[in-house]
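To keep things clear, I will list the structure first and then write my remarks on it.
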Amino acid sequence: MELTPEIKEKLDKLQEKYAAMGQDMSAYLDGLLYADFLTYWDYIHLDTLLSLQSPKTPFPDEEIFIMYHQITELYFKLSLHECEQIANHKELTAKFFTDRVKRINAYFNALVSSFEVMVNGMEREQFLKFRMSLLPASGFQSGQYRMIEICATDFIRLVDKSKREELKTASLEEQFDHIYWKFGATELASGKQTLTLKQFIHKYADQFLKLVKERQHSNFSTLYLKLEAEGQDVSQLASELRKLDLHVNVEWPLSHYKSAVRYLERDPIDIAATGGTNWQKYLPPRFQKRIFYPFLWTEQQMEEWGKGWVMDVLNKTNFT
Ligand code: HEM
């Protein structure tokens, strides 16, 4: 083979690269010689990925249930990947922030529209049987979902609304004691935490609190207000953040709620959920009124959170 000037130049550059690290280029060339060619299946760990479905029962539809949860968790991971890049950016601009929030919106858009896989994709009879083998596990225990919330807003916004005013200046630890979802999984009559909640807190509390502290000055709310104060043009960013607020706090919860209704609603008494919440009262966004960016909405929009106006806003903002 002819050693062309281009190849020679590349070899020189490689030599420089390895020499800078005190490494011997020729040993690395040997490595190249013996290395296998990369394959698609190895690169994305396909065999591992496809081996991660282990149903607890023989009902075929349980596999759909497992896989759709896994797909959702991967989208959550993609969203958190963008949250990281925004929070850790050394010189954040409104443009970068907007582009990354757009990505998160695309992920949630896919999640909202694909929830049909749950709503009509399993036989109700099978679901009602296999779910009993899953007690007390519940999607309520999705740690990534809670981490997205922590990255998206000021932590006080995640405090139960009955305590928010009182705890405005309290420590983050004290606010964490009153995070909204702890009330969602507490038995009203006895005031006791459900096992689902206890296990969730045991696994994630430290991790959540650490993230809350890390994001105290780099959550999306704080970063938006900072860029606005610096005089950057945040109009596009505001529009993307409004979409995010609706995706995470209205659209996804509504699609999810439709699943709960389809499988668990029964006259005259609803079927108990695996996580033990009073789900009819807990899940609908109009009751929870979780709102990340109150400064981007009108009083009336917040008053009617989770009601019909949502689609109007999404259509007007050219939502795709
Ligand atoms: C047939 C499908 C589903 C049904 C019937 C269902 C039902 C429920 C119910 C009843 C709750 C309230 C907590 C409890 O008592 O267990 C809940 C919470 C939750 N589920 Fe699901 N779920 C379904 C699918 C999913 C999927 C695919 C995910 C994706 C990860 C998911 C994630 C969540 C989350 C994050 C919560 C907490 C919501 C909040 O705190 O507002 N669920 N689910």
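Because the structure is a prediction, the values reported are computed rather than measured. We count ligands from 1, going down the list as the structure has it; atoms in each ligand are counted the same way. As a basis for the values below, the full set of heavy atoms in this structure was taken, side chains included, without hydrogen atoms, waters or symmetry mates.
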Please list, in number order, the atoms of ligand 1 under 4.0 Å from a heavy atom of [X].
X: His69; result: 24 (C), 25 (C), 26 (C), 27 (C), 28 (C), 29 (C), 30 (C), 31 (C), 42 (N)
X: Arg146; result: 37 (C), 39 (C), 40 (O)
X: Met122; result: 1 (C)
X: Gln288; result: 41 (O)
X: Tyr263; result: 1 (C)
X: Met118; result: 2 (C)
X: Trp279; result: 10 (C)

Problem - Under 3.5 Å side-chain donor-acceptor pair for Thr72 and Tyr145 - result: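 Side-chain D/A pair, Thr72 to Tyr145: absent.
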
Handout entry: No-hydrogen, no-angle side-chain donor-acceptor test under 3.5 Å, Tyr28 and Gln23
Key =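 There is such a pair (donor and acceptor under 3.5 Å, judged by atom type) between the side chains of Tyr28 and Gln23.
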
Per-residue contact class, [X] against ligand 1 - non-hydrogen pairs under 4.0 Å:
X: Gln141; value: neither
X: Leu264; value: side chain
X: Glu149; value: neither
X: Trp252; value: side chain
X: Arg262; value: neither

Heavy-atom contact under 4.0 Å between [X] and ligand 1?
X: Arg131; result: no
X: Arg290; result: yes
X: Gly184; result: no

Practice task
Kindly indicate whether a cation-pi arrangement holds for Lys182 with Phe176, taking the cut-offs as under 6.0 Å to the six-membered ring centre and within 45° of the axis.
Solution key: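 Ring-cation test returns yes.
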
Residues [X] and [Y] bridged, charged N to O under 4.0 Å:
X: Glu166; Y: Lys163; result: yes
X: Lys258; Y: Glu265; result: no
X: Lys77; Y: Glu73; result: no
X: Lys102; Y: Glu82; result: no
X: Lys129; Y: Glu125; result: no

Problem - Enclosure of Glu299 CD (heavy-atom neighbours >12, cutoff 6.0 Å) - result: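 12 or below, so no.
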
Handout entry: Partners meeting side-chain hydrogen bond (donor to acceptor under 3.5 Å, both in side chains) with Ser113 (sequence neighbours left out)
Key =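 side-chain hydrogen bond (donor to acceptor under 3.5 Å, both in side chains) list for Ser113, sorted by chain: empty.
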
Handout entry: Geometric N/O contact Ser138 with ligand 1, under 3.5 angstrom
Key =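 Between Ser138 and ligand 1 (N or O atoms, distance only) the closest approach is under 3.5 Å.
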
Problem - Within-cut-off N or O pair, Tyr282 and ligand 1, under 3.5 Å - result: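 By distance alone, the answer is yes.
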
Exercise for the section: Kindly write out the residues that satisfy ring pair (Phe, Tyr, Trp, His ring centres under 6.0 Å) with His178, not counting sequence neighbours, or none if the list is empty. Expected result: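 His178 satisfies ring pair (Phe, Tyr, Trp, His ring centres under 6.0 Å) with no residue once adjacent residues are dropped.
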
Exercise for the section: Please name the residue in the list Asp245, Leu246, Val250, Leu244 that meets the side chain to side chain contact (heavy atoms under 4.5 Å, CB included) test with Val248. Expected result: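 Passing option: Leu244.
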
Please work out which of [options] has its closest non-hydrogen atom nearest to [atom].
atom: atom 5 (C) of ligand 1; options: Phe127, Phe200, Tyr68; value: Phe127
atom: atom 36 (C) of ligand 1; options: Phe140, Phe115, Phe76, Tyr75; value: Phe140
atom: atom 22 (N) of ligand 1; options: His256, Gln280, Lys258; value: His256

